[in-house]
> 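First the structure, which I've put down as structure tokens, then a few questions once you've had a look.
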Amino acid sequence: MTRLAARLIRRRWARLLFLSACLAAGSAFLAAGDILLAALGGAVASRARDILGADLELSSARPFGPAVDAALAGLTAGGARATSVTAFSTMLSAEGPAGVPRLASVRAVEPGYPLRGTVDTEPPGAIARLFTGDACLLDAAAARQHGAKPGSRVRLGALTLTVAGVVTRESGRTLNRFQLAPRVYMARALVERSGLARFGARIKHERLIALPPSREPESAARAAAAGLEARLADPYLSVTAFSDAEPTTRQALGRLTNYFTMVSLVTFLLGAGAMASGLAAFLDEELETAAVLRCLGLTGPQTRSLYRTLCLFVGLQAGVLGALGGWALAAAALAFLRRGFGLELPASAGLDPRAAAEAVLLAAACAWAVSEAKVRALAGVPPLEVLRERAERLPPTPRGTAALLAAAAAAVYAYVLWKTSSADTARWFTAAVTGTSAALTLGCLASLRAVAAAARRPGLPLAVRLGLISLARRPARSLPFLFTLAAGFGLLGALDLVRHSLAKELAAGRAAERPELFLVDVQRAQLDAVRGLARRWGRGEPAFAPLIRARLAAVNGVAPARRPVDGLGQEGRARQRMLLREFNLTYADALNPSETLRAGAFWGPGEQAGLASLEEGFAKRTGLKLGDRLVFDVQGRPVSAVVASLRAVDWLAMRPNFFVVLPTAVLEKAPQHHIGSLTVRDPVRSAASTASEAALPRDSARSDAFRRALAEAAPNVSVIDAGEALDQVSEVLAVLLAALKGLAWFCVAVGLLVLAGALALGSRERRADAALLRALGAGTRLLVGADSTAFAAAGLSTFVLGAGAAYGLGALLAARLDVAFAPDAPGLAALLASALLLPPAVGLGASAPAYRAAPLETLRREE
Amino acid sequence: MSDALLALESVEKSYPAPGGALRVLHGVSLSVGAGQSLAVVGPSGSGKSTLLGLMAGLERPSAGRLRWRGRDLSPLSEDGLASWRRESVGFVFQSHRLVSVLSALENVLLPLELAGVAPGEARERAAAVLSALGLAARLDHRPSQLSGGEQQRVAIARAYVHAPPLILADEPTGALDADTASAVLDSLLRLNAEKGSALVLVTHNSEAAGRLSRRVTLSGGRVA
Ligand SMILES: Nc1ncnc2c1ncn2[C@@H]1O[C@H](COP(=O)(O)OP(=O)(O)OP(=O)(O)O)[C@@H](O)[C@H]1O
Ligand SMILES: [Mg+2]
């Protein structure tokens, strides 16, 4: 038996290898994703301690009270070390009249910082000199902005500091390279004298704790965090164990996991589909061999296990190829991320045995699943039927197919759930895949009917009629052929549409009329003066809005509770984070131009009732709905509000906007400061430059003058340059878009394989038909004409179905990724034009030898 | 020899084979006159099918030449051979070889359509030929829905529906019962007699061979 199987495999190796390749591409993609995400996750986990600079962090917007000191005393008695950090953002400028104030993120630290990781400086060891005089450390970006080097002097609030050194590397920080403001270190003892720590300033008070050495530092940190939290029970205090730090990085990683899992799974499914139809065709052609073997005494079960072995071989081969390919792909992607993002990642991914085993098992299971019904049918056909040429192909297996599709849907759901630990994503994805597949199947059936109808029209040239008939009357071949083509091109189109939408959203963010400077921490008393300066130096009317810090104390009478994150899915964690953290409220009695009402009603001027309007994305993520009764804790005072409306916000308008808005009368008296936005750019120049996506020129003399005047009048007010921030964002997005493009190209490669597989499906029959027609006296023109017609009809239906699938999937995917769907019809048409041209080109190429050869040669070969 | 319809002059055929070239036909010379009927007999493997394939231009000889009404066929391209075949030859394969996606009627229509016969007339002729072979009720059936003998009869109808001057048939009655076989042979011979189509028939049946005007015996790739 095994000998026989081995002999069959040897005879058919090219064919089987090709079938394996169809699946291997998708399998490589899956494996690469696994390896890559494990490497990224590992990097985040291993640096989390360095990023936090400690094992535990206590943070609060308020100074710590004695309860915290008492709790920490307990820990330090047990061998822990603690240090305090005060963190805030403020304006920093080089000393002298030429200095331009720019936003910096200040970390005021004590000796002994950091507790974990290192801060490397040039000259080395400069961090110690922070505590010997009025000194500071600048990171490389700050040094560049202010033209500072060791020995230079800079101004920060009321202080003038000497630059003791430049930070060359902070362990952990490379994973989170993109920050709004460059970092500055100074001694915590100087905060008081800087005059920046007054009320309303956005100060973060931190206590960092390094626990005594432990064999399981993660769980020790979590346990300590939970203990502190229970003991302090202070809602304004947040306690973070390093293992839960970097929520945004983790969230980004989670998103990446979702996206990658979905795209690679679709690729895998596409390859699996191609392999399935290839295997079915292969088993069809084995009918005669199997019949002969049966006549020679092979039993039904023996035949079954013989062909099952062959199919498993295809799967195992695909898995091994996929694991190797995935490893290579992951290594390439890691190199790309290291260069593109400057991330500190392992230089090469190991060939993770778990990922490899997973790939091989998955591929083998898949090959078994798609072929089992056919294998059973093959072993079940009475051999005499075959030999008397009554049965030329396997009987259809509707029940096997239905079972397979149901199992596939369940497997897809389980796989996505396993990989993303998000039931919502798994549900969404399974629904999207099955829905699209069903729609595409119906579309393919409809187009086959249309082809059959067209073939019946009288007066058609013979070649055209023969071509249409060959497509319409072999549904078992044509249906998978059309389906794989349409699905492949549809997926490609969808990825491209999403990429285009992202790029467009980015370009919109650079449009000329957007404000470019943000003002933060404007105190009430400073508002008029700052507004005056903004009017004087800016263009058009600056926008200001009050900002009030608050927490959600209750939702429908229940206080949001903190639950251990382990039990929560991705969405659950995000939701908990949003509900528990302190966030910003504003008050207004009308929508601003960048807001649109989506549900409910917005109140009018003078409203006294406790109402609230939520941004729709915020409502979705927190699970809050119209009519929910909320109680906000506004710095100790409860404020009740009922959700009365949902709003959409165009965040890229760069106006001050908020998740939650309450009526003016309700919040007017609360402690608050203001934020504002204004435009300084020259409108003529910037309008000209919107056409190109190049960085917009900023009217820097004007904005520098404004910064200096503002620093004079209101030194505590921070200026955030949104243009600069957007440049950074666009840098990230450019890399992301390049990655998406790479992904799309990979899909093209898979698509080509699938196309080749689909074409190979019918090529035997097409060649035999051509030789036969030739024997009856048909010329090359007729043969080429017939095949061209068939491929052109296939191409046309791929074009139409692919475009539909691309739009549908693209819109779904964009909605899922929170990207405004901006379909790019010409781009999609150009991409799909290849769907029109590729099948005829490849198909005619494959049949070309049959057109040229003497007919008997071909007929004998196809025997 | 100028009155010969098809003449073979010292035709050889060899195939590449594992142990060097395998010579199947050794210098066969043979001519078929217009209206003649010729039986080709010989043991299995003696080269009968190969000879018939060469005569239909489905393959080219390794050496020697074929003449059609005195004209050398060897310079013709594959397309040239195909169009010659369209007008001049009807062929019945040893295994029937129908186009699987076409119905019985459509298979028989093919030679007429290729010759550019008007659709209405083509349909009539094809249906008439099939009915004469007892397939009136099977016109719209696909080959997979027909029995082996029925398929063979469709293949025969396809070979002579356009009344070509030369019909080549490779054991056309092998799969048929005695009655049907003789009916098929009758209709081939009737065509031969009425329309003057020359007939070359490969057969193992010496009774059938006896009904034809000439007999050629192949043995080991030579005319015996
Ligand atoms: N393409 C080929 N390559 C190699 N050998 C071939 C090829 N075609 C035919 N032969 C050989 O040529 C010889 C003659 O074959 P052919 O089919 O002409 O025999 P035949 O007289 O028709 O036999 P049968 O009565 O069994 O049909 C056989 O020995 C066969 O093996
Ligand atoms: Mg033969």
Side-chain angles (χ1 to χ4, degrees), chain A residues 385-393 395 452 455-456 458-463 465-478 762 764-766 768-784 786 790 849-860 862-863, chain B residues 13 15 49-50 52-54 56-60 77-103 106-116 119-120 122 142-148 151-152 155 158-159 161-162 164 168 175:
Chain A
E385 289 282 291
V386 179
L387 297 180
R388 283 171 58 201
E389 309 207 7
R390 276 172 182 280
E392 285 193 332
R393 49 184 317 147
R456 279 196 296 274
L460 285 181
L462 183 58
R465 199 156 53 81
L466 286 177
L468 294 179
I469 283 179
S470 75
L471 193 66
R473 293 203 193 156
R474 285 198 182 110
R477 290 275 184 279
S478 308
R764 239 173 89 111
E765 277 136 331
R766 262 197 314 281
D769 281 359
L772 194 48
L773 287 171
R774 172 129 259 170
L776 296 176
T780 308
R781 268 186 41 205
L782 183 94
L783 303 182
V784 173
Y851 303 144
R852 267 181 264 119
L856 211 53
E857 221 173 280
T858 312
L859 286 175
R860 235 190 243 117
E862 305 300 335
E863 193 89 90
Chain B
K13 182 71 189 175
Y15 291 110
S49 295
T50 307
L52 220 61
L54 288 174
L58 295 174
E59 259 184 327
R60 291 168 190 272
S77 65
E78 283 301 328
D79 268 350
L81 283 173
S83 74
W84 162 71
R85 216 160 31 229
R86 179 157 74 211
E87 285 154 21
S88 316
V89 184
F91 197 95
V92 185
F93 291 92
Q94 190 166 4
S95 54
H96 26 73
R97 301 260 185 213
L98 300 176
V99 181
S100 62
V101 288
L102 297 181
S103 67
E106 287 170 329
N107 263 287
V108 178
L109 272 173
L110 271 175
L112 298 172
E113 288 176 322
L114 286 168
R142 300 267 284 272
S144 56
Q145 299 166 312
L146 299 174
S147 77
Q151 291 184 38
Q152 192 68 325
R158 190 177 63 184
V161 67
H162 54 312
L168 304 169

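Chain A is the first sequence line, chain B the second, and so forth, proteins listed ahead of strands; every chain is numbered from 1. Values below: all heavy atoms of this structure, side chains included; hydrogens, waters and symmetry mates excluded.
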> Where on B/Leu102 is there a heavy atom nearer than 4.5 Å to chain A: the side chain, the backbone, both, or neither?
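For B/Leu102, the contact with chain A is made by backbone and side chain together.
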> Could you tell me whether B/Glu78 and B/Arg85 have a side-chain N and a carboxylate O separated by less than 4.0 Å?
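Salt bridge absent between B/Glu78 and B/Arg85.
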> Return the set of residues passing side chain to side chain donor-acceptor pair (under 3.5 Å) with B/Glu59 (not counting sequence neighbours), or none when no residue passes.
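Partners of B/Glu59 by the side chain to side chain donor-acceptor pair (under 3.5 Å) criterion, ordered by chain and then number, come out as A/Arg860, B/Tyr15.
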> Less than 4.5 Å to any heavy atom of chain B: does that hold for the side chain of A/Leu466, its backbone, both, or neither?
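It is the side chain, since no backbone atom gets that close.
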> Are any of the side-chain heavy atoms of B/Val92 and B/Arg158 separated by less than 4.5 Å?
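Heavy-atom side-chain distance check fails, nothing below 4.5 Å.
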> Using side-chain heavy atoms (C-beta onward) and a distance below 4.5 Å, is B/Glu113 in contact with B/Leu110?
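The answer is yes; the side chains approach within 4.5 Å.
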> Side chains of A/Ser478 and A/Arg473: do they bring a donor and an acceptor to under 3.5 Å?
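The criterion, which ignores hydrogens and geometry beyond distance, is not satisfied for A/Arg473 and A/Ser478.
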> With a 4.5 angstrom heavy-atom cut-off, which part of A/Leu776 approaches chain B: side chain, backbone, both or neither?
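Backbone plus side chain of A/Leu776, per the 4.5 Å heavy-atom cut-off to chain B.
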> Non-hydrogen atoms of chain A under 4.5 Å away: do they reach the side chain of B/Glu106, the backbone, both or neither?
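Interface part for B/Glu106: side chain.
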> Please look at B/Arg60 and chain A and tell me whether the side chain, the backbone, both or neither of the residue comes under 4.5 angstrom of a heavy atom of that chain.
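Contact with chain A is absent: no heavy atom of B/Arg60 under 4.5 Å.
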